[in-house]
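Working notes for the structure below.
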Amino acid sequence: MNDHYELYCLADPLFYDVLDGRRGGRPDFPLASRRVPDGWTHQATDVWMHYAPAEGRMPSQGWKIHVSARPEDAERALETVWEYCVPRGIAFKFLRSPSVMTMMNSKAAPRGSSGKLITVYPPDEDLLELTLKELDVLLRGVEGPYILSDLRYGEGPLFVRYGGFLARTCLDDGGETVPAVEDDRGRLVPDVRGPAFGVPSWVTLPAFLEPHLAARNAVTVDGLPYAIESVMHFSNGGGVYLGRDTRTGRQVVLKEARPYAGLDAARRDAVERLTHEREMLERLAGLDAVPELIDHFTLGGHHFLVQEFVDGSPLQRMLVQRYPLSRAGRDRRALEEYTAWAVSDVLPKVRRAVASLHERGVVFGDLHPSNILVTPAGRVVLIDYEVATLAGSGERAALAHPAFTAPPDRRGTEVDAYALACLCLGLFAPQLTIMLPLDRSKAVHLASLITEAFPVPPEPIDEAVRTVLGPEPPAAPEIPRPDRDGWPRLREAMTRAILASATPDRDDRLFPGDPAQFQTGGGLGFAYGAAGVLYALDATGAGRFPGHEEWLRRRASAAGRRMRPGFYDGLHGVAHVLDRFGHRRDALDLVEMSLRGTWDDLELGLFGGLAGIGLNLLHLARTTGESSLAETALRIAGTCSDRLGGPDDVPETSGGGNPRAGLMYGSSGPALLFLHAYERTGEEALLDRAAVALRQDLRRCRTTEDGTLQVDQGWRTLPYLDEGSAGIGLVLARYLAHRDDEAFAAALDACRRAARAGFFVQPGLFAGRSGMIAALYGGMGPAPEDPGTGPGGPVHGLAWHALPYAGGLAFPGDQLFRLSMDFATGTAGVLFAMGTALHERPVSLPFAQPPGGAGATATASPAGETAERLLTPTSH
C-alpha cells in the first residue's frame with residue numbers, strides 16, 4: 001500500500017484530496033493560520049507548513065533537528081519552536097494538522113520518517129549544538145515517538161540527522177530519481193532515509209553528539225531468555241519476530257510495541273494497544289482459535305508480548321496461491337475445487353473460530369485474511385487482538401482493514417458478522433469489498449458476478465449480501481455495465497461522470513485523481529492530471545471541452561517552471577496534449593522550459609525520463625516541422641544508448657533496489673524511443689539497440705505455472721502495463737513489425753496470455769485490467785483464441801469495478817479507496833482502454849500506435865544524423 005493513500009482519504013468520502021484546513025472537517029493546527037512574520041517566507045503543502053527568513057541563505061544540507069510529540073503535547077511543541085526559531089532567524093517546518101500528524105505516525109506510516117512533527121534547520125554545527133541544548137530545556141516534559149532514522153538527543157523529543165535542507169535529486173543505483181545530498185567530491189548522491197541512524201561516510205559526527213550515540217548503542221537484547229531468529233513483519237508500531245525460548249528451545253513469537261508510535265483513529269499508540277491485546281489474550285486463554293500468551297516484558301522502553309508460534313499459513317497467502325481467476329485460461333475443475341475449499345472448508349472454520357470468541361464476550365474487530373492462520377492440520381487461528389472489544393461495550397475498533405470495516409451503524413458482534421460477510425464475498429472477489437463504502441449496493445453486483453463466474457451455491461452469497469446491506473438496504477442505482485451495454489452508452493456514462501467531477505474553480509486540480517497529482521505538477525500532468533483526462537476524452541470520441549482546455553493552458557503557463565520535464569509526470573505530457581488541441585505556441589514554450597536544465601538526474605524510462613522526452617520531441621518535430629526538435633530527440637536517443645549497457649547489464653529481478661523493468665520505468669521505454677528513431681532515420685543500429693533494451697527487460701521476466709510471461713520482482717510477478725509484461729509486449733510487437741525474432745515472438749505470445757487472466761484487483765490503466773485491454777487492442781494484438789470484446793472477454797471484466805457517480809459510470813483508483821478520474825489509475829484510463837477495443841477509429845497510447853501509422857517513415861533524417869553519431873557517448 002502507498003503509505004499516504006489513507007491520508008488523502010480524510011478530506012472527502014468519494015475522492016482522494018488534500019487536507020488544507022477547509023476540507024473534511026479536519027482543521028489545521030492553530031499555528032498554521034498565524035500571520036507570517038515580517039521578513040519571512042512561507043510555503044504550504046498538503047503535509048507541511050514551511051517557514052524561512054526571506055534574506056537568510058539556508059545551506060543546501062547539514063544537520064537537521066526533528067521534534068517529535070504525542071498528540072497531547074503537539075501544540076505546546078509547535079508554539080515553543082515557533083517562539084524560539086522566529087527571533088533567531090532559523091528556518092523550520094511543521095505538519096499542518098492533527099489529522100496529518102496522526103496519519104504520518106500511524107501503524108502503516110513509513111518507519112524511517114515517522115514521528116516527525118517539526119523540522120528545524122540550523123545553518124551550522126555551532127548553532128546546532130546551541131539550539132539542541134536550549135530546546136531540550138524548553139521542551140522538557142514533551143514526549144514523543146522515537147524517530148528511527150535519527151539519533152536521539154538526551155531523553156526528550158529531540159532527534160538529529162544529517163541530510164538535505166533544499167530539494168535536490170539524483171539517480172540511485174536502481175536508476176530512480178531520489179532526494180540527494182552532495183558528497184565530499186561535489187557529486188550528488190542519494191540522501192538515504194532508512195529506519196536506522198547513520199552518518200554519510202564523508203561526514204564526521206559532531207563531538208557533542210558522541211555521548212548520545214553511545215547511549216543509543218547501550219541498549220541490547222543481552223540477558224533476555226529469548227533469541228530473535230528472524231523478522232516476520234515490521235510496522236511503524238513495532239516489529240513481530242520469530243524467536244526461541246533459550247530455556248526450553250520452544251519457538252515463540254515476540255510482538256513489539258514502540259511508545260507513542262503507530263497511532264490509530266482514537267490516537268492510541270502501539271503500547272496501549274499491546275497492553276489491551278494482553279488483556280484480551282488472558283480473557284480468551286484456552287480457546288483453540290487463539291494463540292497462547294506466554295510472557296510479556298519491557299526492554300529499552302519498548303513493550304513485548306511473547307505468544308505461541310502457530311505454524312500455519314495466512315489465509316491471504318493461500319487465497320493468492322489458489323485463486324483460479326488470476327491465472328490465464330478457464331478451468332472448470334479448478335473453479336469447482338476452489339469453490340468447495342472456500343465454502344465447505346474455510347468459511348465454516350472461520351465462523352466457528354469467531355463464534356468461540358463471542359461466547360467469551362469478545363468481538364474480534366479486525367477479521368481479514370492476513371489475520372487468519374490455517375495450519376497443515378486444518379486448525380484455524382485468529383491473530384492480532386489489539387483492537388478487540390467487549391461485546392457489551394458498544395465500542396468499535398479504531399484500527400481495521402478497510403475492506404472489512406463495518407459501517408458506523410454496526411455494533412458489538414455485528415462488526416464481526418459484517419467482516420465475515422465481506423470474507424465470504426472476498427474469497428471470490430479478492431479485495432473488492434474495499435469499494436463498499438463508496439456504494440454499499442455494489443455488494444449486489446459483486447454477488448451476481450461471483451455466481452456467474454463460480455459454481456457457488458447462492459445461499460452463502462445471498463446471506464453475505466443481506467448482512468452487508470443491513471436492515472435498510474440502499475437502492476441499487478441503474479448504471480451501464482461493461483458486461484452488457486454497448487460502447488456509445490458506456491462512453492456517454494463515463495464522460496458524464498468525469499465532467500461532473502470537474503472543479504475548474506480550483507487551481508491545484510481540475511479532475512480528482514490519484515494523490516500523486518498533488519506532487520507531480522498541480523493536477524496538470526498526463527498520468528494523474530487534466531492533460532491525460534482531456535486526451536482520453538478526445539481520443540475516444542467523447543468530445544473537446546474548451547473551458548477545461550483553457551484551464552490546462554492557463555495553469556500550465558503559470559506552473560510550468562515548477563514541473564518536472566517528463567512525459568507522464570511533467571511538461572512534455574502537457575505540451576503533447578496542448579499541441580493536439582492546437583495550442584502549438586503554448587506547447588513549444590513548455591518544451592523550451594523543459595530543455596533548460598540538464599539530463600543528469602533523469603532516469604531513462606518513458607514515465608518521467610529521457611525516453612518519454614525524446615519520443616515527444618520526435619512527435620512534435622513531425623507535427624510542427626521543427627527539425628531542431630528531432631535533432632535534440634536523436635541526441636537523447638544517443639544518451640539513452642550510452643547509459644543503457646548490454647543485455648546482461650541488469651539484475652534478473654526488478655525493483656526492490658534494482659532497476660525496474662517494463663514500459664514506464666524499465667528498458668522498454670528506451671526501446672520504444674530507439675524504434676521511433678529507427679523509423680525516422682532508417683539506421684539499423686537503432687534497431688539493434690532496441691533489441692538490447694528489450695532483452696534487458698525480458699531478462700527480468702519469468703514464465704509462470706500457467707504459461708504466462710511476467711516481470712519477476714522476486715516476491716511476486718507483474719503482468720501490468722507500467723512495470724509488467726503487458727508494456728513489454730507492446731514494444732515487442734512494434735519491434736517484430738520491423739525484424740523477425742523467434743524468441744521475441746514467443747515472448748510476445750506469453751505476454752498476450754498474461755493479459756488474458758480473468759481477474760485483476762484494480763481496474764486502472766497503468767496497474768490494472770485496463771492496461772491489459774489497452775495493450776491487447778492498442779498495439780500488442782490479442783491471441784487468436786481470445787474471446788475479444790464479447791462475454792468473458794477482458795472488456796466485460798471491467799464490470800467487477802464499475803460504480804455509479806453523478807448519474808454516470810466511474811471507477812475507483814489505485815488501492816480502491818476512492819473514485820479516480822485520471823488517466824493512469826481512474827475512469828479516464830478505463831474509458832481510453834475501452835476505446836482501444838470498441839471505438840470505431842484506432843485508439844492507442846501515445847507513441848504506441850502500430851508502425852506505419854501517422855508519421856512513421858523509414859527515411860533519412862532531415863537532420864542528417866547517422867547511427868555512428870547517435871550511438872556514441874553524448875552529454876548535455
Side-chain angles (χ1 to χ4, degrees), residues 1-17 103 106-108 264-265 314-317 319-320 323 325-326 365-372 384 387 396-408 410 415-450 461 464-465 467-470 474 476 512-515 759-764 767-770 797-805 810-821 825-827 830:
M1 181 186 297
N2 180 297
D3 294 317
H4 297 304
Y5 273 95
E6 290 180 311
L7 173 63
Y8 291 91
C9 290
L10 297 176
D12 189 279
L14 289 179
F15 300 112
Y16 295 119
D17 209 343
M103 292 304 302
S106 68
K107 187 175 181 179
D264 60 23
L315 179 59
Q316 178 64 29
R317 184 186 305 160
L319 192 162
V320 170
Y323 190 67
L325 294 188
S326 62
D366 195 17
L367 183 72
H368 59 83
S370 294
N371 277 352
I372 302 169
D384 201 350
V387 296
R396 284 171 51 89
L399 184 71
H401 193 295
F404 299 84
T405 302
R410 314 297 168 93
V415 170
D416 284 345
Y418 181 91
L420 280 166
C422 289
L423 179 66
C424 178
L425 298 176
L427 286 171
F428 299 98
Q431 303 296 323
L432 298 196
T433 56
I434 207 168
M435 298 187 296
L436 294 179
L438 298 174
D439 178 28
R440 199 71 59 188
S441 69
K442 181 65 180 177
V444 178
H445 191 194
L446 288 177
S448 173
L449 293 166
I450 288 168
I461 301 299
V465 171
T467 301
V468 167
L469 297 181
D514 192 84
F759 185 85
F760 296 92
V761 171
Q762 299 184 151
R769 181 185 294 273
S770 291
L798 287 166
W800 288 97
H801 295 91
L803 288 165
Y805 175 71
F811 290 83
D814 280 3
Q815 308 303 324
L816 308 181
F817 294 143
R818 295 290 186 267
L819 298 177
S820 170
M821 300 299 169
T825 74
T827 306
V830 177

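Here the structure is a predicted model, which means the values were calculated and not measured.
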Does P369 reach the side chain of L423, with side-chain heavy atoms less than 4.5 Å apart?
->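 Yes, close enough: below the 4.5 Å cut-off.
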May I ask you to test the L432-L425 pair for a side-chain heavy-atom distance under 4.5 Å?
->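 Not touching, per the 4.5 Å side-chain cut-off.
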For the atom pair [atom1] ([X]) and [atom2] ([Y]), what is the distance rounded to the nearest 0.5 Å?
X    : Y    : atom1 : atom2 : result
L14  : Y805 : CG    : OH    : 6.5 Å
K442 : W800 : NZ    : CH2   : 9.0 Å
T405 : L399 : OG1   : CG    : 9.0 Å
S770 : L798 : OG    : CG    : 4.5 Å
L319 : L427 : CG    : CG    : 5.5 Å
D416 : L367 : CG    : CG    : 6.5 Å

So, for [X] and [Y], which heavy atoms are closest and what is the spacing to 0.1 Å?
X    : Y    : value
A443 : V468 : CB-CG1, 3.8 Å
L816 : P763 : CD2-CD, 3.8 Å
R396 : P407 : NH1-O, 3.0 Å
L436 : C422 : CD1-SG, 4.2 Å
T827 : A810 : OG1-CA, 3.6 Å
A799 : L449 : O-CD1, 3.7 Å

Just jot down the ring-ring contact (aromatic ring centres under 6.0 Å, His included) partners of F760, sequence neighbours excluded, or say none.
->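 Partners of F760 by the ring-ring contact (aromatic ring centres under 6.0 Å, His included) criterion come out as none, since no residue qualifies.
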Which residues pass the ring-ring contact (aromatic ring centres under 6.0 Å, His included) test with H401, sequence neighbours left out?
->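 H401: ring-ring contact (aromatic ring centres under 6.0 Å, His included) contacts with H368, F404.
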Please list, chain by chain and in numerical order, all residues satisfying side-chain hydrogen bond (donor to acceptor under 3.5 Å, both in side chains) with S448, sequence neighbours excluded.
->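 Residues passing side-chain hydrogen bond (donor to acceptor under 3.5 Å, both in side chains) with S448: E452.
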Only counting residues at least two apart or in another chain, list the ones meeting side-chain hydrogen bond (donor to acceptor under 3.5 Å, both in side chains) with H801.
->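 Checked H801 against side-chain hydrogen bond (donor to acceptor under 3.5 Å, both in side chains); zero matches.
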Could you tell me whether the side chain of [X] and the main chain of [Y] form a donor-acceptor pair under 3.5 Å?
X    : Y    : answer
Q762 : A767 : yes
N371 : D366 : yes
R769 : V830 : no

What residues, two or more places apart in sequence or in another chain, satisfy side-chain contact (heavy atoms from CB on, under 4.5 Å) together with [X]?
X    : result
R818 : C9, Y16, L438
V444 : V465, L469
S820 : D822, T825

Taking the six-membered ring for Trp and the full ring for Phe, Tyr or His, determine whether the centres of F428 and F759 are under 6.0 Å apart.
->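 Between F759 and F428, which both carry aromatic rings, the centre distance is not below 6.0 Å.
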Pairs where residues 421-440 contributes a residue and the test side-chain hydrogen bond (donor to acceptor under 3.5 Å, both in side chains) is met, not counting sequence neighbours =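 Those involving residues 421-440 are Y418-R440, D439-S441.
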Please assess M435 against F817 for the test side chain to side chain contact (heavy atoms under 4.5 Å, CB included), listing each intermediate value before the final yes or no.
-> CA-CA 6 Å; M435 298 187 296; F817 294 143; over 6 Å; no
Ion pair D384/K107, N-O distance below 4.0 Å |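 Here D384 pairs with K107 in a salt bridge, since their nearest N and O are under 4.0 Å apart.
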Is the closest side-chain donor-acceptor distance between Y8 and D514 under 3.5 Å?
->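 Judged by distance alone, the side chains do not pair up.
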